[in-house]
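Ligands are counted one by one from 1 in listed order, and the atoms in each one are counted from 1 as well.
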Amino acid sequence: MIEVRVPLPADRSYPVLVGPGLASELAAHLRQHALPSAGRAAVVTQEGIPVRVDPGVEHRVFTIPEGESAKTLATIEGLCRDFAQWGLSRADIVVGVGGGVVTDVAGFAAASYHRGLPVVHVATTLLAQVDAAIGGKTGVNLPEGKNLVGAFWQPSLVLCDTALLDTLPEREMRCGLGEVAKYHFLGGSLSGAKIGRMAISLDELAIDERVARCVEIKAEVVAADERESGRRAVLNYGHTLGHAIETTGRYDLRHGEAVAVGLVYAAELARSLGRIGDDRVAEHRRVVESYGLCASLPVGADPEGLMAVMARDKKALSGFTFVLDGGSGVETVADIDVDTVRAALEAIR
Ligand code: GLY
């Protein structure tokens, strides 16, 4: 088992434990890290998640519907009413068992109910293990857009059970690999990057160490900018085009698959702005393709439609804004000229 700490002020630091079989050890880890007294646990999960946990204290399981469409205020209301009817109190905890939808919903319900209960995540997908369960972003969608209502609510403990990854459907795994590919460019490809005492690149790591290294990179970014007033935006590397591909809803690509295309696009854009050279663009293509992900726009993609969505990106500062690689690493770059944005789309057709 590998332990990575997310270092935060005011006693809110927490461990992320990575390794095979951790879900079945929940009770011991809860006792050690999150629930020292005799509280109860509200376990939030979905029917389709093939993981049953035993928190080792009195608990009740609350299931939410499957899929992104479960991320609604109605789901939060339903959960909080169920919590209230059971009599959940501040002496108790919420445990989310699942992928990103569960960690977002369980986290937000925990943040809101009684103005905040501790939450622990048992992340069952690669996407949740390297991204959604870490860093305290919780929330739900509105008809007007994704993740428009939510809270920063850090978990007390995260378990990333890597044995569960063996049973993930191939496409679900690929979606997580799109986020893993992102970390190659946020420090994961630097020799000298460390897990504990290991100095090694993400490419060379076995799955447990690879997940742990991604968590370590994310932890460092979250610690520097918990509420995304600046640096945390680098975690959206590849996401501006990725979100546009998803938002148009016309192409059958899921989040991680769309992010993979967005990473290669961001590299092309950075090259045309003179920020990186040919080798670094080739490195982006190599990493994305090494994970079995596509590095070009979906067939029939409409560049003007994608540009219209990217122009409305909620993280935009002024003009077209992208997170781009460069000599001093990945950073946010605003005011990019429309013709440059369009030409880079042509480069990934
Ligand atoms: N998923 C991006 C973040 O946690 O900031």
>> Looking at Asp166, I'd like to know if its CG atom is crowded, meaning that more than 12 non-hydrogen atoms belonging to other residues, nucleotides or ligands lie closer than 6.0 Å.
In response: yes
> Any chance CZ of Arg5 has more than 12 other-residue heavy atoms, nucleotides or ligands included, within less than 6.0 Å?
Replying inline: yes
>> Before you tell me yes or no, could you show the steps for Arg275 and Asp325 under salt bridge (Lys or Arg N to Asp or Glu O under 4.0 Å), namely the whole-Å CA-CA distance, both residues' side-chain angles and the distance that decides it to 0.1 Å?
In response: CA-CA 7 Å; Arg275 296 176 56 88; Asp325 199 6; over 6 Å; no
>> Taking side chain to side chain contact (heavy atoms under 4.5 Å, CB included) as the definition, give me every residue that meets it alongside Arg90, ordered by chain and number, with sequence neighbours left out.
In response: His114, Arg115, Leu117
Extract all N/O-N/O pairs under 3.5 Å that connect ligand 1 to the protein, and present each with both atom names and the distance rounded to 0.1 Å.
unit_1	atom_1	unit_2	atom_2	d
ligand 1	1 (N)	Asp131	OD1	3.0
ligand 1	1 (N)	Asp131	OD2	3.2
ligand 1	4 (O)	Lys218	NZ	2.6
ligand 1	4 (O)	Arg232	NH2	2.8
ligand 1	5 (O)	Lys137	NZ	3.0
ligand 1	5 (O)	Arg232	NE	2.7
ligand 1	5 (O)	Arg232	NH2	3.3

> Restricting to pairs with a member in residues 340-349, which pass side-chain hydrogen bond (donor to acceptor under 3.5 Å, both in side chains), not counting sequence neighbours?
Replying inline: Glu304-Arg342, Asp337-Thr340, Asp339-Arg342, Glu346-Arg349
>> Test: salt bridge (charged side-chain N to carboxylate O under 4.0 Å, His left out). Region: residues 150-164. Which pairs qualify, not counting sequence neighbours?
In response: none
